[in-house]
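Numbers restart at 1 for each chain; the letters A, B, ... are given by sequence-line order, proteins then strands. All values below were derived from every heavy atom in this structure, side-chain atoms included, with hydrogens, water molecules and symmetry-related copies excluded. What you are looking at is a predicted structure, and each value in this text was computed from that prediction instead of being measured.
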Amino acid sequence: MTRLSPAGLGLRLAVGVAIALFLALVGLPLVALIVRVAPGELIRRLGDPIVLAALRLSLITSLIATAVVVTLGLPVAYVLATREFRGKRLLEVCLDLPMVLPPTVAGLALLLAFGRAGLLGGALGALGVSVPFTTLAVIIAQAFMAAPFFVAPTRAAFGSVDQRYLDAARTLRASEAHRFARVMLPLAAPSIVAAAAMACARALGEFGATITFAGNLPGRTQTMPLAVYVALEGDLGAAVAMSLLLVVTSVGLLLALRSGGQGFFMSRAPARRR
Amino acid sequence: MRRAFVARRVGSAAALLAAYGTSPGAHHAQHAQSREVVVFAAASLTEAFHALGAEYERRHPGAVVRLDFGGSQQLARQLDQGAQADVFASADQQWMTYVAERRLLDAPAVVFARNRLTVIVPAANPGGIRRLEDLARPGVKLVLAAEAVPAGRYAREAIGRLAALRGFPTDYRRRVLGNVVSEEETVRGVAGKVQLGEADAGIVYTSDVSPSVARTVHALAIPDSAAVTASYPIAVLAGAANRPDALGFVALVCSAAGQQLLARYRFLPAATVAPRPGSP
């Protein structure tokens, strides 16, 4: 057994205290939600039409938003990881912006861009499309806020793919598309799936941009976080139950996406050697 | 070298934390000397209470009026959850009663102002709303405050009264409420969505149509026969940390000078209740 110096002991103690405080900060609110709601109550609330409508809307919109972010974000992440060009740094900062932007500001910016009186309002209006106050607005708000949570880690995952595999593929005259589809994507897949799960969780929890850009109407734009906020002013019990439901849903979604997605990709990935 | 750098970084971070960390504490300690009075007020009172707060500070050097605005329902809930404040001004009796029933008032509330409702449409009038009947037309995007918000409850009441008027279709109420595209948490949220031109119409207080708002919206008056009058009660809270200034602020609001200021911000006088300076 190694003997610890007093300094080492102090450090260990400090680390232990930090961990305990951190767990209390992150874990205690969750525990408080769980102990506040009886299991029967949770199931009973699922029968409430408003809760059900909000839950359904939340699941549908956040899954669509995630699909949009993954589809449009993959090429962006790939180009950022493999190319150098002027203005790249600025583009990267802009892509990260939604992560630090206050969601209400994001909502206002979305209104000024896609709103009826916004930049694209005239063009959209000519097509007979009015975005604000629709479910589409909810999806746009969620995708906007969730995008950096997908693009940044995916770009990092592409960047960390071992260059030797790509070189090997190149010597075998694999095209770039082929190298992407058969080497890069499978190797980066676990990180990509994890990033998609994070983006989905962020979309599910989106509140500020949604209420600003999409408004708040049960069944159409009132997602779970909005329903919780409104219930806080009426039925506190409902608010707590819905919050817990949202937590359970998020955990379930994250677990399903990670295990399901990894299983799907891992079976296609080439064997890795270290 | 590296270590020193890290230590310096950590040090400055700690200093930053300390600066943020101590400010609420310091602020607490100074509470007594700086005579801070915290006022929770309905969102519709924003400009008027900023003026009243400044007036109070002018008349009582050393006093600091801190204003917190929100939907009356939000503020009442926060007070119920233990929020620390000295004065509560609600946009309806219902939420004042809610607070009173929880024994959070120092003394019964007094009505200090009244208000009327009006329909507003963006200046460009994208929905083509020219008469109140138009609100029932299919496809109109109407924004109201949520039902728990005083302005939302008053607005639904007004729509119900309009439906009973001659010339309005019998299913007016159902059709108008069917046109609601968003339920806002404060009346200012309604005004914002109309000002941005995103909603075709909204229902707000007449006092919300300030000269600056009036540049971007048109108001459609609701006839007297369907008018709903909002009453604003104010009270000192039982948990007031600064009771003298809380009483003083309420007295100013109810005084002739306070009433004059409120009138300048388009509020109606408290009518039936004579101002009783000094007694909240």
Is it the case that over 12 heavy atoms from other parts of the model lie below 6.0 angstrom from the CD1 atom of A/Ile50?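 Atom CD1 in A/Ile50 is not packed in, count stays at 12 or less.
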
Give a yes or no on this: more than 12 heavy atoms of other residues, nucleotides or ligands lie within 6.0 Å of atom CZ of A/Arg36.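 Open: at most 12 neighbouring heavy atoms sit under 6.0 Å from CZ of A/Arg36.
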
With a 4.5 angstrom heavy-atom cut-off, could you sort out which part of A/Ser130 is near chain B: side chain, backbone, both or neither?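 Only the side chain of A/Ser130 comes within 4.5 Å of chain B.
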
Inter-chain contacts: residues 95-118 of chain A against chain B, heavy atoms under 4.5 Å: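 So far as heavy atoms go, A/Leu108, A/Leu111, A/Leu112, A/Gly115, A/Arg116, A/Ala117, A/Gly118 are the residues that approach chain B to under 4.5 Å.
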
Heavy-atom distance under 4.5 Å to chain A: side chain of [X], backbone, both or neither?
X	value
B/Glu198	both
B/Gln78	neither
B/Val143	side chain

Identify which of A/Leu226, A/Leu217, A/Thr212 forms the greatest number of heavy-atom pairs closer than 4.5 Å to chain B.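 Answer, by heavy-atom pair count under 4.5 Å with chain B: A/Leu217.
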
[atom1]/[X] to [atom2]/[Y] distance, rounded to the nearest 0.5 angstrom?
X	Y	atom1	atom2	answer
B/Asp200	A/Phe133	CG	CZ	9.0 Å
B/Glu183	A/Ile211	CD	CD1	10.5 Å
A/Tyr229	B/Glu185	OH	CD	5.0 Å

Closest heavy-atom pair and its distance - A/Arg220, B/Val181: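 For A/Arg220 versus B/Val181, the nearest heavy atoms are NH1-CG1, 3.8 Å.
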
Kindly say whether B/Ser182 contributes a backbone atom to a donor-acceptor pair with the side chain of A/Asn216 at under 3.5 angstrom?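 It does not hold such a pair.
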
